[in-house]
J.: 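Dumping the structure here so I can ask a few things about it.
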Amino acid sequence: MKKLVVLSGAGMSAESGISTFRDSDGLWERYRVEDVATPEGFAANPALVLDFYNQRRRQLLECKPNAGHIGLAALEKYFDVRIITQNIDNLHEQAGSTKVIHLHGELMKYCSTYDLNTAYPISPEEPDLHLGDKAPDGGQQRPFIVWFGEPVPMIEPAIEWVREADVFVVIGTSLNVYPAAGLISYAHKGCPIYLIDPKDVKTQRTDIHFIKATASKGVKQLTELVKQIK
Ligand code: APR
């Protein structure tokens, strides 16, 4: 089967009720990145940061995958679909996608302040992390999230996936944050690239097929377009 590789961002989950970061009502309008999404912010006020992610985790537990997530999972009938997401929600997996790389971590997992690479599941029954909760290695439990300035260990496998892509699809990302945004440059010259977003997105690639739509409508249009390629 041909490989269809997706890079998704916050816009993928907008119709599921999860706010994006840089839209007018985005998360970064209400919180300072330095306070809640950096190791320095966590060191300065760990309780505030734990609470910020506890709130987002509780919100995620009320959300469902939208038709965009479901449509991408359905494409596994025709393609070897591989999803690279910047999102920390698990809505791609809930929709049935079987190959997902999370570049920026996962909200339903925690790690230790001593070891950022070993993840432990968070139970939906006890979704909060608290100051003083220890990981098995004795470190403080912290969100399994890649904060600004921290390494992005999954970028290497993600680059391999894009290099091997027969079709590359970008959905719901402003392509503002690197190294994720740089992935588009690894799609080989002849690889058809589709970009789904209701707004224009600046990108250095000129060989792109823009689908100006939300994720749910755009994935429907994409499915019709790529059926000829399979
Ligand atoms: N369907 C598809 N796209 C949408 C929708 C929708 N319903 N609503 C908004 N969008 C688009 C916006 O037009 C924008 O281009 O989704 C994109 C969201 O961009 P950002 O808010 O910048 O989110 P993202 O690109 O995922 O941010 C990247 O920044 O803060 C960090 O770690 C965080 O992973 C995040 C990274």
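Counting convention: from 1, in listed order, for ligands and their atoms alike. Position 1 is the first residue of the sequence, and the numbers go up from there.
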J.: Do the rings of F52 and Y31 sit parallel, tilted or perpendicular, given the 30° and 60° boundaries?
T.: perpendicular

J.: Collect the protein residues that have a non-hydrogen atom under 4.0 Å from ligand 1 and hand them over in chain and number order.
T.: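 Residue list for ligand 1: G9, A10, G11, A14, E15, T20, F21, R22, D23, W28, Q86, H104, F148, G172, T173, S174, V177, D197, P198, K199, T214, A215.
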
J.: Once you measure the plane-to-plane angle for H69 and H92, does it fall in the parallel (<30°), tilted (30-60°) or perpendicular (>60°) bin?
T.: perpendicular

J.: Any side-chain donor-acceptor pair under 3.5 Å between E76 and T98?
T.: yes

J.: Would you say the side chains of S216 and E15 form a donor-acceptor pair under 3.5 Å?
T.: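 Yes, a side-chain donor-acceptor pair sits under 3.5 Å.
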
J.: Taking all non-hydrogen atoms of both residues, which atom of F168 and which atom of A187 are closest, and how far apart?
T.: CD2-CB, 4.1 Å

J.: Would you check, one step at a time, whether the test side chain to side chain donor-acceptor pair (under 3.5 Å) holds for S19 with R30?
T.: CA-CA 11 Å; S19 41; R30 287 171 271 150; 3.0 Å; yes

